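Everything numeric in this text was worked out from a predicted model, so none of it was measured.
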Amino acid sequence: MTLTTPHLGSSDGWTDAKLLYALEEVVEKELNRHLKVAKDWMPHEYVPWSDARNFPALFEDGEAWDKEQSKVTDVGRIALVVNLLTEDNLPSYHHEIATLFGRDGAWGTWVHRWTAEEGRHGIVMRDYLLASRAVDPDELERFRMAHMSEGFESDNRHSMLHSVAYVAFQELATRISHRNTGHQSGDPVCDRMLARIATDENLHMVFYRNLLGAAFEIAPDLTMQAVRDVVVDFRMPGHGMPGFERAAAQMAIGGIYNMRIHHDDVLQPVLRFLKVLDIDGLGPEGRKAQEELGLYMGGLDAEAAKFDEKLAARRARMAARGK
């Protein structure tokens with residue numbers, strides 16, 4: 001199917017301010033839809049408080065953390081730390097989007113609502129990890145301090161369209177990471193908690209995905225270029241945390257988040273829903289970006305196939321060794 005989108009002339013006519021104004025009604029519509037379908041939930045209800053006990057230092061009956069106390073798998077523990085540290089940088093994320101989108105009108109209402117909902121995720125994850133003794137609490141706090149002390153600067157803070165395109169994919173990536181972490185955690189309580197978080201992340205993705213679709217309607221060339229840039233240079237927001245590269249590699253091998261998942265479960269669903277590679281009526285810059293995006297996706301699929309082969313071979317070797 002081919003979509004015909006009217007080419008609205010030179011890309012030079014659009015500024016961030018004009019785009020924010022042009023998309024205000026869409027933001028209000030999506031905000032109202034979101035508020036109707038989103039369900040409030042209580043973080044404390046997802047935490048196994050009966051498993052909690054004191055830690056040493058200030059309590060005579062305190063018990064030091066030991067890996068054997070953790071109910072979650074090794075890869076689950078790694079992913080839980082990465083996912084929580086990502087959530088911990090919420091103050092920086094809020095600052096970025098509030099600066100970019102503004103604090104007034106529908107945009108501002110969404111910014112604050114999104115921040116409030118995301119705040120729950122960090123609350124419930126940390127409470128779960130400490131109450132269940134899933135991870136080393138001292139190491140977790142050291143990582144949090146190091147990560148938050150660095151702050152966060154988005155690769156896309158220079159452009160409103162790039163930022164919208166990024167979060168459309170990133171929210172889905174976060175949902176997938178949380179959901180797969182729950183599946184691989186080995187703890188039904190953890191799985192239930194992360195499923196609840198993943199539901200929020202999916203609603204956030206729908207908001208930004210629909211907003212991105214509206215941007216294609218009014219500024220197709222610029223939006224196509226933004227999507228190409230974001231897809232080609234995509235990085236998860238937690239890339240700057242301590243030990244991220246090693247943790248990401250372990251999560252990839254463990255089937256939580258890897259190249260195949262990124263292609264099939266994150267990039268493709270958004271591109272396919274918006275029919276990005278089928279949009280017609282683009283100007284020269286938009287067509288070039290669309291072609292480059294298609295080529296990149298083909299190359300990524302090929303690279304994912306190579307990763308799949310290596311992963312299958314690794315699993316076969318592990319099975320042969322009885323591990």
Between CD on residue Glu28 and CG on residue Leu23, distance to nearest 0.5 Å: 13.0 Å
Separation between CH2 of Trp110 and NE2 of His34, rounded to the nearest 0.5 Å: 4.5 Å
Salt bridge (Lys or Arg N to Asp or Glu O under 4.0 Å) contacts touching residues 125-136 (sequence neighbours left out): Asp88-Arg126
Point-to-point distance, once rounded to the nearest 0.5 Å, from CE of Met125 to CD of Glu87: 6.0 Å
Cluster check Leu31, Val167: I/L/V/M/F/W/Y, side chain < 4.5 angstrom: yes
Side-chain touch Met148/Pro91, heavy atoms, less than 4.5 angstrom: yes
Validation row: His162, His158 side chains within 4.5 angstrom (heavy atoms): yes
Non-hydrogen side-chain atoms of His121 and Glu201 separated by less than 4.5 Å: yes
Carboxylate-amine/guanidinium contact Glu141 Arg144, below 4.0 Å: yes
Asp16 (side chain) donor-acceptor with Met160 (main chain) under 3.5 angstrom: yes
Centroid separation Tyr166 to Tyr208 less than 6.0 Å: no
Least distance between heavy atoms, Met205 atom then Leu172 atom: CG-CB, 3.7 Å
Test item: Gln69 side-chain N/O and Ala64 main-chain N/O as donor-acceptor pair under 3.5 Å: yes
Side-chain donor or acceptor of Asn54 paired with backbone N/O of Asp61 under 3.5 Å: no
Leu85-Met145 co-clustered via ILVMFWY side chain contacts under 4.5 Å: no
Met251 and Asn258: CA distance, side-chain angles, deciding distance, side-chain contact (heavy atoms from CB on, under 4.5 Å) verdict: CA-CA 7 Å; Met251 290 167 66; Asn258 55 42; over 6 Å; no
Heavy-atom side-chain proximity of Val189 to Ser132 below 4.5 angstrom: no
Spatial distance of atom CG (Asn202) from atom OG1 (Thr174) [nearest 0.5 Å]: 11.5 Å
Pairs where residues 90-105 contributes a residue and the test side-chain hydrogen bond (donor to acceptor under 3.5 Å, both in side chains) is met, not counting sequence neighbours: His94-Thr115
Pair listing, salt bridge (Lys or Arg N to Asp or Glu O under 4.0 Å) test, anchored in residues 229-241, at least two apart: Asp155-Arg235
Smallest separation among heavy atoms of Ala252 and Phe307, with atom names: O-CZ, 3.8 Å
Trp114-Phe207 aromatic ring centre distance below 6.0 Å: no
Qualifying salt bridge (Lys or Arg N to Asp or Glu O under 4.0 Å) pairs, either residue in residues 39-57, two or more places apart: Asp40-Arg113, Asp40-Arg120, Asp51-Lys71, Arg53-Glu63
Donor-acceptor side-chain pairing of Asn83 and Thr181 below 3.5 angstrom: yes
Spatial distance of atom CZ (Arg77) from atom CG (Leu140) [nearest 0.5 Å]: 12.5 Å
Tyr46 and Ile197, any side-chain heavy atoms less than 4.5 Å apart: no
Trace of the side-chain contact (heavy atoms from CB on, under 4.5 Å) decision for His183 with Asn180: CA-CA 5 Å; His183 291 326; Asn180 287 343; 4.0 Å; yes
OG on Ser185 to CG on Asp74, rounded to 0.5 Å: 12.5 Å
From CA spacing to verdict: side-chain contact (heavy atoms from CB on, under 4.5 Å), Val231, Met297: CA-CA 9 Å; Val231 168; Met297 290 299 294; 4.1 Å; yes
Pairing residues for Arg175 by the salt bridge (Lys or Arg N to Asp or Glu O under 4.0 Å) criterion, not counting sequence neighbours: none
Within-4.5 Å side-chain heavy-atom neighbours: Val230 and Asn156: yes
Side-chain donor or acceptor of Thr199 paired with backbone N/O of Ala195 under 3.5 Å: yes
Salt-bridge contact Glu303-Lys306 (side-chain N to carboxylate O under 4.0 Å): yes
Under 4.5 Å side-chain linkage, directly or through intermediates, the cluster mates of Val37: Leu203
Listed partners of Glu30 passing salt bridge (Lys or Arg N to Asp or Glu O under 4.0 Å), at least two apart: Arg33
Ionic contact status for Lys29 with Glu25, cut-off 4.0 Å: no
Partner residues of Arg179 under the side-chain hydrogen bond (donor to acceptor under 3.5 Å, both in side chains) criterion, sequence neighbours left out: Asp191
Shortest non-hydrogen contact from Pro220 toward Glu217: CD-O, 4.4 Å
Among Leu161, Thr223, Val164, the one residue meeting side-chain contact (heavy atoms from CB on, under 4.5 Å) with Leu19: Leu161
ILVMFWY cluster, Ile78 and Leu311 together (side-chain gap under 4.5 Å): no
Val270 to Phe169 - nearest heavy-atom pair and separation: CB-CE2, 3.5 Å
Pairwise side-chain contact, Tyr128 with Val72, heavy-atom cut-off 4.5 Å (strictly under): yes
Asp264: partners by side-chain contact (heavy atoms from CB on, under 4.5 Å), with sequence neighbours left out: Arg260
Under 3.5 Å donor-acceptor, Trp65 side chain and Val135 backbone: yes
Which atom of Ala173 lies closest to which atom of Phe234, heavy atoms considered: CB-CZ, 4.3 Å
Closest non-hydrogen atom pair between Leu100 and Leu20, with its separation: O-CD1, 3.6 Å
Co-members of the apolar cluster containing Ile123 [side chain, <4.5 Å]: none
Pairs involving residues 242-253, ordered by first then second residue, that meet side-chain hydrogen bond (donor to acceptor under 3.5 Å, both in side chains) (sequence neighbours left out): none
Whether Trp107 and Phe101 hold their rings parallel, tilted or perpendicular, with breakpoints at 30° and 60°: tilted
Listed partners of Val75 passing side-chain contact (heavy atoms from CB on, under 4.5 Å), at least two apart: Thr73, Gln184, Ile256
Cation-pi, Tyr296 ring and Arg228 (6.0 angstrom, 45 degrees): no
Common cluster, Tyr21/Leu222, ILVMFWY with side-chain heavy-atom separation under 4.5 Å: no
Hydrophobic cluster membership, Phe55 vs Leu129, 4.5 Å side-chain cutoff: no
Val276 backbone acceptor or donor facing Gln290 side chain under 3.5 Å: yes
Side-chain donor-acceptor pair present, His262, Gln268, cut-off under 3.5 Å: no
